[in-house]
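Scope of the values below: all heavy atoms of this structure, side chains included, with no hydrogens, waters or symmetry mates. Below, read A as the first sequence line, B as the second, and so on, with proteins coming before strands; counting in each chain starts at 1.
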Number of protein chains: 2
Amino acid sequence: MKLEKGATAKVILDAAEALTQTRGFNGFSYADISEAVGLTKASLHYHFRTKAELGRQLIVRYSDTFEVALAEIGVRAPDAPERLERYVSLYTGVIAGERLCLCGMLAAEVTTLPPAMGDEIRRFFDLNEAWLTNVLEQGREAGSLRYEGSALGAARLLLGTLEGAMLVARSYGDPGRFEESAHQLLAQFTKA
Amino acid sequence: MKLEKGATAKVILDAAEALTQTRGFNGFSYADISEAVGLTKASLHYHFRTKAELGRQLIVRYSDTFEVALAEIGVRAPDAPERLERYVSLYTGVIAGERLCLCGMLAAEVTTLPPAMGDEIRRFFDLNEAWLTNVLEQGREAGSLRYEGSALGAARLLLGTLEGAMLVARSYGDPGRFEESAHQLLAQFTKA
DNA sequence: GTCTATAACGAGATAGAC
DNA sequence: GTCTATCTCGTTATAGAC
């Protein structure tokens with residue numbers, strides 16, 4: 001049961017998403033969104049009663065979009081190595097915009113966020129881990145990927161590395177650092 | 001030229017450090033420190049005129065302490081693999097306290113922080129990278145470590161992975177996730 | 001050094017007109 | 001749906017007594 005999102009709600013979410021990914025959820029206010037979209041603070045409250053609710057919907061939309069992108073990769077990329085390559089490129093796009101992964105950013109602030117947001121953050125990570133685990137298992141069976149230990153463990157290593165590499169790279173304003181680390185790790189999985 | 005730090009200043013820094021590592025720099029106020037240390041907000045301003053200055057000194061002290069710990073590892077641990085193991089254990093202690101690395105947390109908020117804090121955050125990362133690069137070079141020369149590419153690249157991969165693994169692990173309240181990822185990566189460097 | 005008191009501002013949120 | 005106006009509270013920071 002999904003409510004229809006008005007065009008205005010979408011514009012507000014876009015602005016809030018950009019602000020969250022660059023400044024953090026505690027680093028912006030309704031006044032900042034107001035300035036970005038050209039509506040008064042009061043009008044924003046009509047669309048999102050509370051900031052907590054806005055935050056929760058932010059993550060839900062982000063996860064949904066990500067899920068679609070992952071399915072798309074499954075369709076377009078034939079083998080596991082290329083799927084991983086394209087997975088990394090999803091994050092390359094994020095860091096190129098001087099943003100962090102929405103949920104990576106929120107994970108840093110999680111102790112100060114409403115519990116409902118924490119639940120959605122973990123759902124996002126779960127989604128990523130499940131997809132990666134699946135790809136890693138396929139790759140190992142097909143002989144195109146090599147790694148020690150469980151596929152789940154490797155998936156978590158991959159996800160953690162991408163989140164952390166973005167975090168550090170952005171503090172230098174240098175997306176190249178992210179790509180270097182990401183590909184060095186990927187190389188570990190694909191080398192003969 | 002180093003100013004002597006009074007005992008009260010140290011207590012304040014301890015409280016502020018804990019708050020920053022758990023809630024983020026934008027996630028606490030002088031009122032929170034006040035409650036933790038039993039001084040009024042006004043008294044805190046006597047020791048640290050502004051929150052920006054408190055934040056800067058927080059990072060400087062953290063880096064200094066870390067530098068001492070790294071030197072200690074150099075003295076106690078004979079070979080590169082054991083030095084890496086002990087390096088990881090520094091972070092294990094952090095995540096065990098349900099905290100993040102101070103500079104990992106601050107890196108997420110960097111766009112909202114005073115520029116002086118951003119400079120100190122990068123100095124911390126530089127310090128880590130330089131130490132790791134050195135250990136990785138030693139290990140490769142001694143034949144106790146194996147990795148592709150430059151030692152600096154491997155150092156950055158290691159640092160990024162640790163920061164990210166902490167970030168994700170803490171959002172599940174599960175330090176075990178951090179240790180799994182850290183050791184899986186270390187294993188890549190030490191395996192025959 | 002620590003306190004009380006307060007200034008000056010920004011935050012999230014609501015009431016009610018249009 | 002969007003606005004103006006306002007409320008209440010929390011924030012950083014300062015003045016001045018003790």
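Computed from coordinates, the A:K51 NZ to D:dG10 P distance equals 16 Å when rounded to whole Å. Rounded to a whole Å, the CZ atom of B:R49 is 23 Å from the P atom of D:dT11. Between A:K41 atom NZ and C:dA11 atom P there is a gap of 7 Å when expressed in whole angstrom units. As a whole-Å value, the separation of B:L54 CG from D:dT11 P is 15 Å. Rounded to an integer number of Å, the gap from OH of B:Y30 to P of C:dT6 is 22 Å. Between B:I33 atom CD1 and C:dT2 atom C1' there is a gap of 16 Å when expressed in whole angstrom units. Summarising the geometry, the separation between NZ on A:K10 and P on D:dG1 is reported as 17 Å, rounded to the nearest angstrom. A:F48 places its CZ atom 14 Å from the C1' atom of D:dG1, with the value rounded to the nearest Å.
The phosphate of D:dT14 (OP1 or OP2) has no side-chain N or O of B:T50 nearer than 4.0 angstrom. An OP1 or OP2 oxygen of D:dT2 is reached within less than 4.0 angstrom by no side-chain nitrogen or oxygen of A:H45. Between A:T40 and D:dA5, a side-chain N or O to OP1/OP2 separation shorter than 4.0 Å is absent. One finds a side-chain N or O of A:S29 lying less than 4.0 angstrom from the OP1 or OP2 phosphate oxygen of C:dA11.
Heavy atoms of A:S43 sit under 4.0 angstrom from at least one base atom. Nucleic acid contact for A:Y46: base, since at least one base atom lies under 4.0 Å from a heavy atom of the residue. B:F28 comes within 4.0 angstrom of the backbone, heavy atoms only, and of no base.
A donor and an acceptor atom, one from each side chain of B:E53 and B:Q57, are located under 3.5 Å apart.
Salt bridge present: B:K10 and B:D14 bring a charged side-chain N and a carboxylate O closer than 4.0 Å. Ion pairing between B:E137 and B:R140 fails under the 4.0 Å rule for side-chain N and carboxylate O.
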>> Under the criterion salt bridge (Lys or Arg N to Asp or Glu O under 4.0 Å), I'd like the reasoning laid out for A:R177 against A:E180: C-alpha separation, chi angles, the key distance, then a yes or no.
In response: CA-CA 5 Å; A:R177 282 188 185 232; A:E180 259 191 80; over 6 Å; no
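In this structure, CZ on B:R122 lies 12.0 Å from CG on B:L106, to the nearest 0.5 angstrom.
Checked against D:dA5, D:dA13, D:dT2, the side chain of A:A42 finds its nearest nucleotide in D:dA5.
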